[in-house]
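Working notes, beginning with the structure itself.
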Amino acid sequence: MDWNKLAQALIPDENVKPLEWYEAQYPERNLEKGAQVTRLAPSPTGFMHIGNLYVALANERIAHQSGGVFYLRIEDTDDKRKVEGAVEVIHSSLKYFGVAFDEGADLCGNYGPYYQRQRAEIYHAYAKELIKNGLAYPCFCSEDELSAIRDHQTENKLLPGYYGEFAKCRNLTEEEIYANLKAGKPYVIRLRSQGNVDVKHTFRDEIKGEITVTENNQDVVILKSDGIPTYHFAHAIDDHFMRTTLVLRGEEWLSSLPIHIELFKVLGFKLPKYAHNCSIQKIDGETRRKLSKRKDPEASLTFYREQGYHPEAVRTYMMTLLNSNFEEWLLKFPDKPLDEFKYSIGKMGKSGALFDIVKLNDISKTHMAKLSEEQAYDFFKAWADEYGTDEQKAYFADKAYMLKVLSLCMGIGGKKRRKDFICAKQAVEMISYFFPSTFAPTYEYRFDKAVVKTVLAAFKGIYNYADDCSAWFEKVKQVAGENGFATDMKAYKADPTAYPGNVSDVAEMLRIATTGLANTPDLWTIMQILGESETLARLDKAVQALN
Ligand code: GLU
């Protein structure tokens with residue numbers, strides 16, 4: 001077989017450049033020793049999984065911590081999965097969580113193009129080289145033929161794939177090949193695998209440690225019939241020419257590693273380091289499973305933005321999943337910037353990371369408790385502007401009022417910060433009672449209607465907006481006493497049955513009447529924020545509701 005002739009027939013010289021040209025065009029990067037070049041290589045599906053952030057963060061930390069480069073490559077070889085505007089979504093959603101690329105798709109950089117579809121020439125040049133060397137060949141098998149092979153393998157419990165005796169086109173004669181080409185039969189280009197599945201090697205994965213890798217014997221497709229490369233082929237070529245030093249990717253790719261090792265070898269490229277990152281899982285009943293795009297809203301990065309989780313809190317949570325010693329560091333240095341944590345690939349989990357929303361919420365509460373009222377205002381406003389209802393958007397029109405609300409609800413200036421807020425959505429919903437447009441109380445009292453009504457009416461009669469906190473509380477006590485409620489807690493505790501309740505029960509009635517809720521921050525301050533007329537109107541409304 002004249003491989004040169006075949007290579008020229010399949011991929012004419014005028015379509016490609018000599019290989020040295022590519023090597024010269026994309027030289028080794030001029031970086032300090034130890035600097036890592038990492039990348040994120042998503043498909044432009046428009047969907048950003050929390051796993052994308054997880055792996056992006058790990059790659060970003062490793063690159064930037066080592067003085068290296070972190071870039072974005074778009075794996076758009078599968079046209080069916082492509083969605084308009086997807087790259088924009090990748091940039092904006094990762095940026096929101098503090099992950100930015102140094103170069104890549106839609107950014108500058110000397111190692112592009114960073115869209116695989118725009119790199120056809122380089123794939124073709126190397127496919128041609130493999131054909132020339134007898135390491136790749138055209139395969140004319142139809143879908144039906146391939147599925148017949150699969151059926152046969154399944155029935156006979158044989159390893160699946162296109163290899164050995166099943167690799168029908170591997171040994172086509174020159175005449176057969178040219179006849180097929182002449183007949184216009186569609187074809188793909190396959191690797192002529194040199195591997196043997198009986199041979200196993202020890203391989204060092206940067207996360208998983210020493211693993212055993214079986215040699216590849218599959219004649220995998222490297223160029224599809226439309227000339228577009230498969231992931232495997234593009235991965236080897238791109239990571240070589242973009243001078244990636246560490247391929248940190250999801251562990252679902254571990255099973256393809258033998259193919260990649262062989263491809264790097266036949267292409268004559270130095271193998272980068274590999275790190276296979278465990279997937280994010282959740283407990284579902286009795287089982288543990290991967291976070292699923294279909295079943296779990298929290299699998300999508302959009303979820304965290306819609307809910308208004310603070311990006312820094314999500315990032316912090318991701319770090320707890322990514323590095324086992326991160327939490328210890330966080331406890332020691334709760335106020336240091338996250339980037340000061342020394343990220344280490346060796347501390348990444350070898351098996352699935354368990355997603356725990358309760359923990360994320362705890363971290364979020366702690367983070368919210370670090371914000372000033374101004375910072376909270378800006379963050380919540382930005383959330384409301386994007387995701388809030390019209391009423392919620394309008395909450396932010398009177399900034400001074402909102403700052404008072406936030407200051408109270410976040411316990412700013414108090415002995416201890418309150419930790420009621422988890423995320424913007426929940427926080428903005430939680431403060432809805434401060435705003436007449438959304439104040440819609442259901443009033444659930446624990447006492448008899450008649451008692452509540454008397455208490456509310458009595459308090460309303462003596463309420464004075466000018467009262468300070470203690471004068472105000474004296475009035476609550478007064479109403480309590482007049483209605484038989486204990487005002488002396490000691491006496492109440494000594495004999496609770498002697499009273500219908502105590503002063504805090506009376507305060508609760510006032511609280512429910514004013515806010516619709518049994519638990520809120522300090523009621524006197526709430527009334528001060530609401531203002532005199534609104535407070536009185538609410539007490540009135542509550543009395544009316546008891547009629
Ligand atoms: N397109 C692949 C993915 O999104 C990239 C895997 C890799 O990082 O090499 O999973």
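Bear in mind the structure is a predicted one, so any value in this text is a computation, not a measurement. Heavy-atom basis, side chains included; hydrogens, waters and symmetry copies ignored. Counting starts at 1 for both ligands and their atoms, following the listed order.
Shortest contact from atom 5 (C) of ligand 1 to any protein heavy atom: Ala41 O, 3.1 Å. When only non-hydrogen protein atoms are considered, atom 10 (O) of ligand 1 lies nearest to Trp253 NE1, 3.1 Å. In terms of protein heavy-atom proximity, atom 8 (O) of ligand 1 is nearest to Arg39 NH1, 2.7 Å. Looking at atom 7 (C) of ligand 1, its nearest protein heavy atom turns out to be Tyr231 OH, 3.2 Å.
Of the possible polar contacts, one joining the Gln65 side chain to the Tyr343 backbone as a donor-acceptor pair under 3.5 Å is found. The backbone N or O of Gln194 lies less than 3.5 Å from a partner atom in the side chain of Glu262, making a donor-acceptor pair.
Close placement of the Phe269 and Tyr126 rings is indicated, their centers lying within 6.0 Å of each other.
Atoms of ligand 1 lying under 4.0 Å from any heavy atom of Arg249, numbered from 1 in the order shown and given with element: 7 (C), 8 (O), 9 (O). Here is the list of ligand 1 atoms found below 4.0 Å of a heavy atom in Glu75: 1 (N), 2 (C), 5 (C).
Aromatic ring pairs are classed by plane angle as parallel below 30°, tilted from 30° to 60° and perpendicular above 60°; the pair Phe233 and Tyr123 is tilted. Between Phe101 and His91, the ring planes are perpendicular. Angles over 60° get that label, and only those under 30° would be called parallel.
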